[in-house]
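Worksheet for the structure shown next.
Throughout, a chain's letter reflects where its sequence line sits, starting with A, and its residues are numbered from 1. The figures that follow rest on heavy atoms only: side chains count, while hydrogens, waters and symmetry mates do not. It should be emphasised that the depicted structure is a prediction, and the values quoted were computed from it without experimental measurement.
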There are 2 protein chains.
Amino acid sequence: MDDLTEMLKGTLEGCVLEIIGSEETYGYAITRRLNELGFIDVVEGTVYTILLRLEKNGLVQVTKRPSGVGPPRKFYALNDAGREELARFWAKWEYVSSRIDKLKEGGR
Amino acid sequence: MDDLTEMLKGTLEGCVLEIIGSEETYGYAITRRLNELGFIDVVEGTVYTILLRLEKNGLVQVTKRPSGVGPPRKFYALNDAGREELARFWAKWEYVSSRIDKLKEGGR
DNA sequence: CCTGGTACCTTGTAGTACCGAGTACCACTA
DNA sequence: TAGTGGTACTCGGTACTACAAGGTACCAGG
């Protein structure tokens with residue numbers, strides 16, 4: 001599969017929100033999770049910029065914990081605003097993807 | 001529905017390709033078509049920049065024809081390279097949307 | 001003449017993912 | 001004990017895209 005970066009714009013942040021929402025986790029693990037989901041070209045730098053943005057926008061709660069196998073981890077969990085944002089994201093996704101699928105089916 | 005612009009990045013060009021591929025048409029009509037498909041905030045300027053990009057990248061064939069109700073129209077049709085690009089776009093869309101849907105279903 | 005619909009173009013901006021490089025902690029091993 | 005590899009986070013700069021905002025121009029009807 002060739003380059004997906006442009007198509008991921010606007011959706012990757014929502015994917016990260018979903019991952020955080022299903023389980024409190026940290027940047028490095030989120031990157032691995034995205035990679036195993038099939039987003040193989042997503043790199044750490046990208047995920048960390050998203051996480052910093054989420055934190056800046058007040059959508060997550062951050063807790064630092066020691067790791068044992070490396071430097072301390074920053075664990076992220078959704079707060080109320082984050083859960084609302086996640087719901088908005090899925091609504092938008094539903095809206096956009098259904099319309100694109102309709103266009104694909106030759107919808108008039 | 002709130003702002004969709006970020007989510008449309010990387011997909012809008014493919015949508016325009018699909019519209020052109022199903023019927024030779026022109027910028028103003030493509031904008032109207034996208035609006036009635038549900039992409040209500042897409043404006044003319046956006047479509048024209050996409051059309052210029054498609055032309056620059058050699059994906060379309062352009063024909064100017066008089067209109068009768070206004071200035072002349074520039075009709076766009078896909079060439080072979082455009083059809084290939086369109087197929088690639090749909091393959092990418094299939095790939096990305098299926099993976100996001102899986103994530104949404106809590107896919108592990 | 002003036003308004004509104006049609007039709008196209010251009011410059012600049014904001015937002016997002018990525019690149020590249022750096023810092024740092026830890027376990028294992030030659 | 002120096003080196004390697006995996007873990008983990010940060011930051012400055014870049015490329016690409018959709019949009020905003022304004023302009024030009026053609027035509028019909030009041």
Side-chain angles (χ1 to χ4, degrees), chain A residues 1-17 24-35 39-57 59-60 62-76 85 89 92 96 100, chain B residues 1-17 24-35 39-57 59-60 62-76 85 89 92 96 100:
Chain A
M1 183 59 51
D2 41 274
D3 195 29
L4 303 176
T5 71
E6 289 308 323
M7 197 172 277
L8 290 179
K9 287 189 178 175
T11 62
L12 205 49
E13 178 178 315
C15 293
V16 170
L17 277 174
E24 189 187 38
T25 182
Y26 56 98
Y28 189 80
I30 293 170
T31 309
R32 294 290 148 269
R33 178 100 179 83
L34 286 168
N35 294 152
F39 305 115
I40 47 174
D41 292 329
V42 174
V43 295
E44 296 170 34
T46 299
V47 174
Y48 289 115
T49 56
I50 291 174
L51 290 172
L52 290 176
R53 192 161 69 232
L54 295 179
E55 188 175 358
K56 200 186 72 181
N57 294 343
L59 304 174
V60 289
V62 189
T63 317
K64 204 166 195 171
R65 300 209 189 94
S67 151
V69 297
R73 298 167 174 162
K74 283 176 71 178
F75 280 83
Y76 292 82
E85 182 60 30
F89 166 73
K92 279 206 277 189
V96 169
I100 290 177
Chain B
M1 181 61 52
D2 41 275
D3 194 29
L4 303 176
T5 72
E6 289 308 324
M7 199 173 276
L8 291 179
K9 287 192 177 173
T11 62
L12 205 49
E13 178 178 316
C15 293
V16 170
L17 276 174
E24 189 186 39
T25 182
Y26 56 98
Y28 189 80
I30 293 169
T31 309
R32 295 288 150 268
R33 178 99 180 84
L34 286 168
N35 294 153
F39 305 115
I40 47 174
D41 291 329
V42 174
V43 293
E44 296 169 34
T46 300
V47 174
Y48 289 115
T49 55
I50 292 174
L51 290 173
L52 289 176
R53 192 160 71 230
L54 295 179
E55 189 175 357
K56 201 185 71 179
N57 294 344
L59 303 175
V60 290
V62 189
T63 315
K64 204 167 195 171
R65 299 209 189 94
S67 151
V69 297
R73 298 165 174 162
K74 283 177 71 177
F75 281 83
Y76 292 82
E85 182 59 31
F89 166 72
K92 278 206 279 189
V96 169
I100 290 177

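The side chain of A:Thr5 places no N or O atom within less than 4.0 Å of a non-bridging phosphate oxygen (OP1 or OP2) of C:dC18. In this model, the phosphate group of D:dC9 is not approached by any side-chain N or O of A:Arg73 to a distance below 4.0 Å at OP1 or OP2. Phosphate proximity of C:dC9 to B:Tyr48: absent, as no side-chain N or O sits under 4.0 Å from OP1 or OP2.
Of all the heavy atoms in A:Ser67 and A:Pro71, the pair that sits closest is CB-O, 3.3 Å. Minimum heavy-atom separation, A:Ile100 to B:Cys15: CG1-SG, 4.1 Å.
Look at A:Glu6 and B:Lys92 and you find no salt bridge, because none of the NZ, NE, NH1 or NH2 atoms lies under 4.0 Å from a carboxylate O.
Base contact: A:Thr46 has a heavy atom under 4.0 Å from a base atom. In this structure, B:Glu13 reaches the sugar-phosphate backbone alone: every heavy-atom distance under 4.0 Å involves primed, P, OP1 or OP2 atoms, never a base. Among the heavy atoms of the strands lying under 4.0 Å from A:Ile50 are primed sugar atoms or P, OP1, OP2 only; no base atom is included.
In this structure, of D:dC19, D:dT17, D:dT7, it is D:dC19 that holds the atom nearest to the side chain of B:Thr49. Of the listed nucleotides (D:dC26, C:dC8, D:dC11), D:dC26 has the atom at the smallest distance from the side chain of B:Pro71. Comparing C:dT16, D:dT10, D:dA8 against the side chain of A:Arg53 picks out C:dT16 as the nearest.
When the P atom of D:dC27 is taken as reference, atom OH of B:Tyr28 falls 16 Å away, rounded to whole Å. Taking atom CG of B:Asp41 as the reference point, atom C1' of D:dA21 lies 16 Å away to the nearest angstrom. For the pair A:Leu52 CG and D:dC11 P, the interatomic distance rounds to 7 Å; values are reported in whole Å. When the C1' atom of D:dC19 is taken as reference, atom CD1 of B:Ile40 falls 15 Å away, rounded to whole Å. Rounded to whole Å, atom P of C:dA7 lies 13 Å from atom CZ of B:Arg65. The distance from atom NZ of A:Lys74 to atom C1' of C:dA24 is 15 Å, rounded to the nearest whole Å. For the pair A:Arg32 CZ and D:dT7 C1', the interatomic distance rounds to 9 Å; values are reported in whole Å. If you measure from atom CZ of A:Phe89 to atom P of C:dT16, you get 13 Å, rounded to the nearest angstrom.
Residues A:Tyr26 and A:Lys9 both approach DNA chain D. Their nearest nucleotides, taken by heavy-atom distance, put A:Tyr26 toward the 5′ side. Both B:Gly70 and A:Phe75 sit near DNA chain D, but only A:Phe75 has its closest nucleotide nearer the 5' end. Comparing A:Glu44 and A:Leu8, the nucleotide of DNA chain C nearest to each residue sits closer to the 5' end for A:Leu8. Comparing B:Gly45 and B:Glu6 along DNA chain C, the residue whose closest nucleotide (by nearest heavy atom) sits nearer the 5' end is B:Gly45.
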Stepwise side chain to side chain contact (heavy atoms under 4.5 Å, CB included) test for B:Glu13 and B:Arg53: CA-CA 9 Å; B:Glu13 178 178 316; B:Arg53 192 160 71 230; 2.8 Å; yes

B:Tyr76 and B:Glu24: CA distance, side-chain angles, deciding distance, side chain to side chain contact (heavy atoms under 4.5 Å, CB included) verdict: CA-CA 6 Å; B:Tyr76 292 82; B:Glu24 189 186 39; 6.0 Å; no

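Judged purely by atom type and a 3.5 angstrom limit, A:Asn35 uses its side chain to pair as donor or acceptor with the backbone of A:Val42.
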